[in-house]
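Written below as structure tokens is the structure these notes are about.
The figures here come from the full heavy-atom set of this structure, side chains too, leaving out hydrogens, waters and symmetry mates.
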Amino acid sequence: FKIFPTHRLIRISKGIDSLQALSKISDLRPAKDLKAVLAELADCREDAKDKDYQFGFYSLKTGFKLLNLHKKTIGTPKNPVERLDVSVLHRRIIEPCFGIKAIEKSDAIDFTRDAQEACRKVDEGKFDAALFLRPTSLNEMLLVSKKGLKMPQKSTYFYPKLLTGLVFYEVE
């Protein structure tokens with residue numbers, strides 16, 4: 001099986017300059033297109049060349065960007081859940097830069113496993129920006145579960161999915 005990331009779609013409040021907000025907390029560099037962003041984020045952070053936190057960003061206004069949050073700047077949380085890319089994304093980018101605190105039942109944020117769908121929803125004006133993540137590693141997920149902790153909402157997507165009917169119904 002393989003673990004995939006679940007990307008974020010956000011609505012940005014009027015008056016927030018996304019590039020200015022993001023440049024205050026991270027290094028920004030342009031990316032050619034979605035393919036370049038996804039190639040950069042293909043490996044989970046523990047397998048990546050550098051151990052910094054890296055995310056992709058897309059909006060009609062800015063195009064594609066890669067955000068780099070230096071690990072030494074944000075520190076290393078002791079809690080394995082807080083070290084996850086998805087936790088860092090929400091705590092260090094989505095909440096302070098875009099003012100989105102609650103993600104459950106919020107109109108300001110949505111989730112998709114399909115990066116192309118995320119771009120399409122931004123292009124159609126349904127959302128203002130898309131944020132792309134690296135996949136969570138199996139080791140990170142196991143560490144969280146061994147500590148008896150819960151992963152943040154929409155942290156992972158497993159594929160292939162086990163067919164439910166094989167588990168709950170007799171096979172003749």
Side-chain angles (χ1 to χ4, degrees), residues 3-31 34 37-38 40-41 44-46 48 50-115 117-119 121-137 140-141 143-145 147-157:
I3 302 172
F4 293 98
T6 301
H7 308 294
R8 274 60 180 151
L9 290 155
I10 58 171
R11 291 188 176 94
I12 301 172
S13 298
K14 296 205 185 317
I16 294 178
D17 180 343
S18 57
L19 274 187
Q20 183 181 14
L22 293 171
S23 63
K24 287 181 182 178
I25 60 159
S26 68
D27 294 334
L28 287 173
R29 59 188 168 108
L34 178 61
V37 169
L38 296 179
E40 192 78 26
L41 302 176
C44 56
R45 193 168 41 84
E46 72 180 23
D50 62 32
K51 301 293 184 186
D52 287 341
Y53 291 93
Q54 192 171 36
F55 306 97
F57 181 82
Y58 172 68
S59 75
L60 288 175
K61 203 183 258 188
T62 65
F64 290 96
K65 301 284 183 196
L66 286 163
L67 317 174
N68 196 38
L69 294 174
H70 297 290
K71 191 175 174 183
K72 62 184 174 196
T73 305
I74 64 173
T76 305
K78 293 185 186 341
N79 180 328
V81 172
E82 292 175 5
R83 285 194 298 263
L84 295 172
D85 285 23
V86 67
S87 296
V88 170
L89 176 70
H90 282 269
R91 191 177 73 253
R92 299 291 182 150
I93 296 175
I94 292 176
E95 188 174 323
C97 293
F98 305 112
I100 302 171
K101 294 181 178 151
I103 61 171
E104 290 183 31
K105 299 179 184 176
S106 172
D107 290 338
I109 190 166
D110 199 7
F111 310 92
T112 182
R113 296 177 285 273
D114 185 342
E117 177 188 22
C119 292
K121 286 186 174 186
V122 171
D123 291 342
E124 293 170 353
K126 294 179 180 175
F127 288 90
D128 299 311
L131 288 152
F132 304 100
L133 294 98
R134 295 181 185 276
T136 300
S137 74
E140 289 173 311
M141 194 181 72
L143 182 60
V144 168
S145 65
K147 297 271 186 184
L149 302 169
K150 290 193 308 187
M151 302 276 287
Q153 181 180 5
K154 307 287 186 184
S155 299
T156 58
Y157 172 68

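Each of Leu89, Leu41, Leu84, Val88 was evaluated against Leu133; a single residue qualifies, Leu89, per the side-chain contact (heavy atoms from CB on, under 4.5 Å) test.
From Phe98, atom CZ reaches atom CD1 of Ile16 across 7.5 Å, with rounding to the nearest 0.5 Å. To the nearest 0.5 Å, atom CG of residue Asp52 and atom CG of residue Asn68 are 4.5 Å apart. Rounding to the nearest 0.5 angstrom, the gap separating the OG atom in Ser59 from the CD1 atom in Ile12 is 6.5 Å. Atoms OG1 and NZ, from Thr112 and Lys121 in turn, are 6.0 Å apart once rounded to the nearest 0.5 Å.
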**Study point:** Steps toward side chain to side chain contact (heavy atoms under 4.5 Å, CB included) verdict (Leu60, Asp128)
**Key:** CA-CA 8 Å; Leu60 288 175; Asp128 299 311; over 6 Å; no
Review point. Could you walk me through whether Gln54 and Leu67 pass the side chain to side chain contact (heavy atoms under 4.5 Å, CB included) check?
Key: CA-CA 6 Å; Gln54 192 171 36; Leu67 317 174; over 6 Å; no
Exercise for review: Please step through side chain to side chain contact (heavy atoms under 4.5 Å, CB included) for the pair Leu28 and Leu66, ending with a clear verdict.
Suggested key: CA-CA 6 Å; Leu28 287 173; Leu66 286 163; over 6 Å; no
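Aromatic ring pairs are classed by plane angle as parallel below 30°, tilted from 30° to 60° and perpendicular above 60°; the pair His7 and Phe132 is perpendicular.
Minimum heavy-atom separation, Val81 to Ser87: O-OG, 2.6 Å. The minimum heavy-atom distance linking Arg92 with Ile25 is given by the pair O-CD1, 3.0 Å. The shortest non-hydrogen separation linking Gly56 to Val37 is CA-CG1, 3.8 Å.
Between Phe127 and Ile10 there is no side-chain heavy-atom pair separated by less than 4.5 Å. Counting heavy atoms from C-beta outward, Pro30 and Lys65 have side chains that approach closer than 4.5 Å. Between Thr62 and Ser18, some side-chain heavy-atom pair lies under the 4.5 Å cut-off.
Remark: side-chain polar atoms of Tyr53 are not paired, donor with acceptor, to backbone N or O of Val86 under 3.5 angstrom. Between the Arg8 side chain and the Thr6 main chain, a donor and an acceptor come within less than 3.5 Å of each other. With Arg11 contributing its side chain and Lys126 its backbone, the two residues share a donor-acceptor pair below 3.5 Å. With hydrogens and angles disregarded, no donor-acceptor distance shorter than 3.5 Å links the side chain of Asp110 to the backbone of Leu9. Ser26 places no side-chain N or O within donor-acceptor distance of the main-chain N or O of Ser23, the cut-off being under 3.5 Å.
With respect to Arg91 and Glu95, no salt bridge is recorded, no charged nitrogen being found less than 4.0 Å from a carboxylate O. A salt bridge links Arg29 with Glu40: the closest approach of a Lys/Arg side-chain nitrogen to an acidic carboxylate oxygen falls below 4.0 angstrom.
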